Amino acid sequence: MANGQANEQANGQWYPPEWPDRIRALAAGTLTPVAPKRAATVMLLKDTATGPAVHMLRRRTSMAFAGGAYAYPGGGVDPRDDDRDVGWAGPARAWWADRLGVDEAGAQAIVCAAVRETFEEAGVLLAGPTGDSVVGDTTGADWEADRAALVARELSFAEFLDRRGLVLRSDLLGAWARWITPEFESRRYDTWFFVAALPEGQRTRNASTEADRTVWITPADAAAGYDRGELLMMPPTIATLRGLAECATAAGALASAPGRDMTPVLARARLDGEEIVLSWPGHDEFTKHVPHTASTATPSTAPHTASSATPSTAPHTAPSATPNRAPHTAPVPPATPSDPTPGAPA
């Protein structure tokens, strides 16, 4: 068992040790759920000889929410993301509002957050001078200065696009899924997952202060690493990876996005005698039966046995690290020419 990490499963499912106590407190009426914050995350894809690969980041183990977990670039909505002055191309805000299940202002904010966070955390910008073009290389010093200003919230995304003479390319995104952090978690997010293809001429890099590694990996290889207990992931991450694994190309993933169910997925917890039954509707693989002593014992599944060796898979950031938990020390996928060291473009 790796340093007593919160995840004590045969697979790599993220499971905070404080959840059982919080679930019981919620059932007893002594815990009030916090309101979830809106967020967006992007599954960035590129085609390879073995099928599409997805860009993932590993959250630093020091993060207060889901530390050590593999995720996609993403983050919370900035209050200024619904600025009506933002340059816009692609489906209208009304179309996105219907697709995302929110009003038009909310739809713009979520789409803007998806594009902005992808640039902030991966250096990839889904925008162009016109509605049918995309910017090329964004690794120069001037781009980095603008990216840093966005991260520091010194510059709004609308101001950034206007300064550059760019429009947001909402047509380069496909809405894929929506997951809401459980009511018993102290940090909650209402997260929309999007899929997008890496624009020609652009390169990813680890630009996030929240990640200690980025990697390109096929969804099937990432899922296999999770199944072996070598890669730690939250349920929405592995669930979306399994869906992506069915797509033969990045274009195919984008083409399939309009048919994806956007019904929010929210975990349910119920007490069955002294046992907690934790489930995610539509995703039976995540169901857990947790005994009364779960705050100090392992859930009723096989123990987690991640080794310290490198996983025997090909290599491969929406949003989060666990409070008060020891870091997950699962091995890292091996590097390849398309697998950058932290901070390097890929």
Side-chain angles (χ1 to χ4, degrees), residues 40-49 51-57 72-75 78 81 83 85-91 108 111-152 154-174 194-209 211 214-217 247 249-255 257 315-317 335-346:
T41 189
V42 176
M43 303 176 290
L44 196 61
L45 302 174
K46 69 175 182 180
D47 289 320
T48 71
V54 62
H55 180 71
M56 302 190 78
L57 55 84
Y72 313 112
D78 184 317
D81 283 335
D83 190 328
D85 293 331
V86 67
W88 190 273
Q108 175 176 303
V111 172
C112 279
V115 176
R116 175 181 52 74
E117 287 285 342
T118 302
F119 181 56
E120 289 181 10
E121 296 200 343
V124 171
L125 183 60
L126 303 176
T130 64
D132 58 0
S133 62
V134 186
V135 296
D137 185 15
T138 60
T139 59
D142 57 333
W143 287 104
E144 176 57 24
D146 281 348
R147 191 199 65 79
L150 285 169
V151 172
E154 298 168 354
L155 183 68
S156 75
F157 194 58
E159 292 167 340
F160 163 69
L161 292 177
D162 183 61
R163 175 188 298 180
R164 290 277 181 174
L166 302 174
V167 294
L168 179 153
R169 291 286 306 276
S170 75
D171 56 315
L172 299 182
L173 289 169
F194 295 87
V195 65
L198 178 69
E200 184 176 355
Q202 294 195 38
R203 297 179 292 169
T204 58
R205 62 185 187 276
N206 183 7
S208 173
T209 59
T214 61
V215 66
W216 286 97
I217 189 170
C247 302
T249 63
L254 275 166
H316 167 275
T317 164
T336 69
S338 63
D339 176 12
T341 54

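Only a predicted model underlies this, so the values are computations on that prediction, with no experimental measurement involved. Computation of the quantities below employed the complete heavy-atom set of this structure, encompassing side-chain atoms and omitting hydrogens, waters and symmetry-equivalent molecules.
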When rounded to the nearest 0.5 angstrom, what distance separates [atom1] in [X] from [atom2] in [Y]?
| X | Y | atom1 | atom2 | value |
| --- | --- | --- | --- | --- |
| Phe160 | Cys112 | CZ | SG | 12.0 Å |
| Leu150 | Glu117 | CG | CD | 9.5 Å |
| His55 | Thr204 | NE2 | OG1 | 4.5 Å |
| Leu166 | Leu126 | CG | CG | 11.5 Å |

Provide the closest heavy-atom pair for [X] versus [Y] in the form atom of the first, atom of the second, distance.
| X | Y | value |
| --- | --- | --- |
| Ala197 | Ala250 | CB-CB, 4.2 Å |
| Cys247 | Ala253 | SG-CA, 3.6 Å |
| Trp216 | Leu198 | CZ2-CD2, 4.1 Å |
| Leu254 | Ala196 | CD2-CA, 4.2 Å |
| Glu120 | Arg147 | O-NH1, 2.6 Å |

Thr118: partners by side chain to side chain donor-acceptor pair (under 3.5 Å), with sequence neighbours left out: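 Side chain to side chain donor-acceptor pair (under 3.5 Å) check on Thr118 returns nothing, list empty.
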
Would you please name every residue forming a side chain to side chain donor-acceptor pair (under 3.5 Å) with Asp137, sequence neighbours left out?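 With sequence neighbours excluded, Asp137 shows a side chain to side chain donor-acceptor pair (under 3.5 Å) to Thr139, given in chain and number order.
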
Partners meeting salt bridge (Lys or Arg N to Asp or Glu O under 4.0 Å) with Asp142 (sequence neighbours left out):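 Only Arg164 meet the salt bridge (Lys or Arg N to Asp or Glu O under 4.0 Å) criterion with Asp142.
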
Listed partners of Asp171 passing salt bridge (Lys or Arg N to Asp or Glu O under 4.0 Å), at least two apart: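 Per chain and number, Asp171 pairs via salt bridge (Lys or Arg N to Asp or Glu O under 4.0 Å) with Arg169.
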
Decide yes or no for [X] and [Y]: does some side-chain heavy atom of the first lie under 4.5 Å from some side-chain heavy atom of the second?
| X | Y | result |
| --- | --- | --- |
| Val42 | Val195 | no |
| Val86 | Gln108 | yes |
| Pro199 | Val135 | no |
| Val134 | Leu172 | yes |

Hey, is the main chain of [Y] close enough, under 3.5 Å, to the side chain of [X] for a donor-acceptor pair?
| X | Y | value |
| --- | --- | --- |
| Thr138 | Gly123 | yes |
| Glu159 | Ser156 | yes |
| Thr48 | Ala53 | no |
| Gln202 | Leu125 | yes |

Just jot down the side-chain contact (heavy atoms from CB on, under 4.5 Å) partners of Ala113, sequence neighbours excluded, or say none.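 With sequence neighbours excluded, Ala113 shows a side-chain contact (heavy atoms from CB on, under 4.5 Å) to Ala40, Val77, Asp81, Arg116, given in chain and number order.
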
Tell me every residue that passes side-chain contact (heavy atoms from CB on, under 4.5 Å) with Ala149, counting only those two or more places apart in sequence or in another chain.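 Expected list: Glu154, Leu155.
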
When the aromatic ring centroids of Phe157 and Phe119 are compared, is their separation below 6.0 Å?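 Not under 6.0 Å, so no.
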
Under the side chain to side chain contact (heavy atoms under 4.5 Å, CB included) rule, what do Leu168 and Leu161 come out as? Steps first, then yes or no, please. CA-CA 8 Å; Leu168 179 153; Leu161 292 177; 4.1 Å; yes

